[in-house]
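Notes for the one structure printed next.
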2 protein chains.
Amino acid sequence: MSPPRSNTKDAILDTAESLLQERGFNAFSYQHISEQLGVKNAAIHYHFPNKAGLGVAVIERYNRNFHDWVARHQQRGTKPLAMLRGYFAIPLRFMRDGQKACPLGVLEAEFGAIPDPMRDAVRTLDADIRGFLSEALEQGRQQAVFQFNGTAQDKALLVVSALQGALQISRAAGTKAFMTVIRQIERDLGVEEQRDKISSQSLLVSR
Amino acid sequence: MSPPRSNTKDAILDTAESLLQERGFNAFSYQHISEQLGVKNAAIHYHFPNKAGLGVAVIERYNRNFHDWVARHQQRGTKPLAMLRGYFAIPLRFMRDGQKACPLGVLEAEFGAIPDPMRDAVRTLDADIRGFLSEALEQGRQQAVFQFNGTAQDKALLVVSALQGALQISRAAGTKAFMTVIRQIERDLGVEEQRDKISSQSLLVSR
DNA sequence: TGGTGTTTACTTACTAGTAAGTAAGTTTAG
DNA sequence: CTAAACTTACTTACTAGTAAGTAAACACCA
């Protein structure tokens with residue numbers, strides 16, 4: 001009764017997501033995917049008739065995974081600081097995993113050259129991420145673990161912007177740049193800088 | 001005696017830069033340029049034999065213009081706060097001019113899919129911009145007009161990251177997002193928020 | 001001053017490669 | 001035996017890039 005899951009479809013999404021983060025939407029092709037997967041061009045068209053649909057599917061899956069991640073942490077009552085650091089760990093993984101960029105940043109950089117349905121999906125993803133972060137920041141402020149001026153929404157926007165920019169700049173300037181920005185963000189939130197030698201590593205892999 | 005300046009070459013660079021900021025490097029073609037300019041494909045190849053060379057030329061010209069801008073302000077002794085706001089005005093113009101992204105951000109987003117010589121040019125541009133901003137921040141701190149923790153280099157990195165990210169996010173989330181980030185950055189630098197209704201507009205067009 | 005190269009700035013007309021996308025046939029598992 | 005998951009073989013459109021030709025401006029010299 002359950003759908004006869006082919007794992008090719010998921011493999012296509014995995015590969016597309018990876019290529020998106022490495023090259024951007026307009027610089028990867030069905031050929032790139034099919035070669036990496038060892039299937040033929042048309043196999044991808046079977047699962048995703050056109051590239052816009054594939055793009056939307058990648059973004060929506062990414063957003064679903066993000067929501068699941070948030071839900072998991074909310075269920076187990078993760079505290080604001082751990083939440084923030086868990087969130088930092090996402091782009092950090094991208095960076096370590098072959099200098100990948102964040103999908104949101106890539107797609108917003110190419111915003112003028114992606115299909116309309118993808119733009120809508122990007123807007124949704126952007127709103128959802130900022131919504132999550134706003135909550136975490138606001139909670140942290142109420143619990144006196146973060147200090148900042150202005151609304152939590154504004155601060156969340158600044159943090160997301162900085163992370164997104166930093167991840168991109170790190171591709172040109174190296175990994176250290178990203179760590180620096182994270183440290184600076186925490187500093188600006190009034191988060192105690194425990195550790196000093198061990199710091200950056202263990203601090204951020206979190207979970 | 002002076003070189004017989006053709007303005008086609010400059011027009012090509014203008015168009016390429018504009019297309020780069022709107023669509024990204026891999027989503028614009030020689031056709032796009034030639035159509036917009038009313039010349040033929042091959043005319044562009046005459047001035048820029050290959051696309052990598054065109055890309056490098058765009059970045060290097062952008063960097064030269066940036067250096068000229070900095071030099072002009074240094075000569076007339078522009079103060080740190082005005083310097084900072086003048087710098088903010090650059091991406092602000094991009095945003096108002098048809099939701100363009102910053103060339104640096106676009107190219108770093110596509111970093112995995114641009115030719116090597118372009119990567120070098122991007123690295124140089126990135127270093128130069130951060131170098132300028134570090135100086136302005138450091139001077140401002142010495143003159144007690146900015147307050148921040150950590151090195152000026154680290155703070156500059158955060159500011160550049162945030163601006164770059166914010167400019168991209170504004171394409172999905174609207175102009176207001178960018179203004180918000182600028183306000184938040186100034187707040188974090190301890191800059192007095194004069195005005196309240198007139199604010200954002202007149203505050204930022206600067207000069 | 002006039003004629004003769006030469007250079008600049010293109011156009012016309014092409015190539016080879018790659019892009020997304022499709023139609024029709026084949027394999028395989030339930 | 002049927003439907004899902006492909007492959008084979010193709011099309012159309014665009015990509016960067018090239019080769020060869022041309023018109024006009026310039027450079028130099030007698």
Side-chain angles (χ1 to χ4, degrees), chain A residues 1-20 22-59 106-107 110 112-119 121, chain B residues 1-20 22-59 106-107 110 112-119 121:
Chain A
M1 217 57 314
S2 74
R5 272 279 132 253
S6 111
N7 66 345
T8 302
K9 190 164 187 173
D10 293 317
I12 291 169
L13 288 170
D14 291 341
T15 311
E17 183 174 307
S18 187
L19 283 164
L20 174 73
E22 282 160 17
R23 307 178 51 88
F25 184 72
N26 289 293
F28 82 82
S29 67
Y30 276 44
Q31 261 82 348
H32 284 117
I33 301 175
S34 59
E35 272 167 34
Q36 236 178 84
L37 245 59
V39 296
K40 291 300 147 88
N41 196 330
I44 299 159
H45 279 284
Y46 170 74
H47 290 288
F48 302 97
N50 57 65
K51 206 185 173 188
L54 173 60
V56 170
V58 167
I59 302 166
V106 169
L107 291 166
E110 293 184 284
I114 59 173
D116 250 350
M118 284 181 65
R119 284 188 207 173
Chain B
M1 226 15 16
S2 73
R5 269 283 129 250
S6 114
N7 66 344
T8 302
K9 190 165 187 171
D10 292 318
I12 291 169
L13 287 171
D14 290 342
T15 310
E17 185 175 304
S18 189
L19 283 166
L20 174 73
E22 282 161 15
R23 308 180 48 88
F25 184 73
N26 289 292
F28 82 82
S29 67
Y30 275 43
Q31 260 83 347
H32 284 117
I33 301 175
S34 58
E35 273 166 33
Q36 234 177 85
L37 245 61
V39 297
K40 291 299 146 90
N41 197 330
I44 299 159
H45 279 284
Y46 169 74
H47 290 287
F48 303 97
N50 57 64
K51 206 184 171 188
L54 173 59
V56 170
V58 167
I59 303 167
V106 168
L107 291 165
E110 294 184 286
I114 58 173
D116 251 350
M118 284 181 66
R119 285 188 205 172

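None of these values were measured; they are calculated from a predicted model. Worth knowing before you read on, the calculation uses all heavy atoms, side chains too, and leaves out hydrogens, waters and symmetry mates. All chains are named by letter (A, B, ...) in the order of the sequence lines, taking the proteins before the strands, and each is independently numbered beginning at 1.
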### Task
Answer with base, sugar-phosphate or nothing: what part of the nucleic acid does F48(B) contact at a heavy-atom distance below 4.0 Å?
nothing
### Query
Got a sec? Which of residues 38-45 of chain B come in under 4.0 Å of DNA chain C, heavy atoms?
V39(B), K40(B), A42(B), A43(B)
### Task
Calculate the interatomic distance between N50(B) atom CG and dG17(C) atom C1'; express it in whole Å.
16 Å
### Spacing of E35(A) atom CD relative to dT7(D) atom P, expressed in whole Å
13 Å
### Summary
Rounded to the nearest 0.5 angstrom, the NZ-CG distance for K9(A) and D14(A) is 13.0 Å
### Euclidean distance, atom CG of residue L19(A) to atom P of dA19(C) [Å, nearest integer]
11 Å
### Summary
Here the distance between atom C1' of dA9(C) and atom CG of D10(B), to the nearest Å, is 14 Å
### Query
With a 4.0 Å cut-off on heavy atoms, is Y46(A) in touch with a base, just the backbone sugar-phosphate, or nothing at all?
base
### Task
Heavy atoms only: give me the nearest L13(B)-A57(B) pair and the separation to one decimal.
CD2-CB, 3.8 Å
### Query
Can you check whether H47(B) has a side-chain N or O nearer than 4.0 Å to OP1 or OP2 of dC10(C)?
yes
### Query
In whole angstrom, what separates K51(A)'s NZ from dA13(D)'s P?
19 Å
### Query
Which residues pass the salt bridge (Lys or Arg N to Asp or Glu O under 4.0 Å) test with E22(A), sequence neighbours left out?
none
Residues 24-32 of chain B side chain polar contacts: donor-acceptor under 3.5 Å, at least two apart:
residue: N26(B); atom: ND2; partner: E110(B); partner atom: OE2; Å: 3.1
residue: N26(B); atom: ND2; partner: A113(B); partner atom: O; Å: 3.1
residue: S29(B); atom: OG; partner: Q31(B); partner atom: N; Å: 3.3
residue: S29(B); atom: OG; partner: H32(B); partner atom: N; Å: 3.2
residue: S29(B); atom: OG; partner: H32(B); partner atom: ND1; Å: 3.1
residue: Y30(B); atom: OH; partner: F48(B); partner atom: O; Å: 3.0
residue: Y30(B); atom: OH; partner: N50(B); partner atom: O; Å: 3.2
residue: Y30(B); atom: OH; partner: K51(B); partner atom: N; Å: 3.1
residue: Q31(B); atom: OE1; partner: N41(B); partner atom: ND2; Å: 3.4
residue: H32(B); atom: ND1; partner: S29(B); partner atom: N; Å: 2.9

### Query
Which heavy atom in A16(B) sits nearest to a heavy atom in V58(B), and how many Å separate them?
CB-CG2, 3.8 Å
### Query
Taking only side-chain nitrogens and oxygens of H32(B), does any of them come within less than 4.0 Å of OP1 or OP2 of dC14(D)?
no
### Separation of atom OH in Y30(A) from atom P in dT8(D), rounded to whole Å
19 Å
### Summary
Between CG of N26(A) and P of dT15(D) the distance, given in whole Å, is 11 Å
### Task
Round to a whole Å and report the spacing from CD of Q31(B) to P of dT18(D).
15 Å
### Query
How would you list, by chain and number, every residue that makes a side chain to side chain contact (heavy atoms under 4.5 Å, CB included) with T15(B), sequence neighbours excluded?
L19(B), I33(B), Q36(B), L37(B)
### Query
So, is S29(A) near the phosphate of dA19(C), with a side-chain N or O under 4.0 Å from OP1 or OP2?
yes
### Task
Give the minimum heavy-atom separation between G112(A) and R23(B), together with the two atoms involved.
O-NH1, 3.8 Å
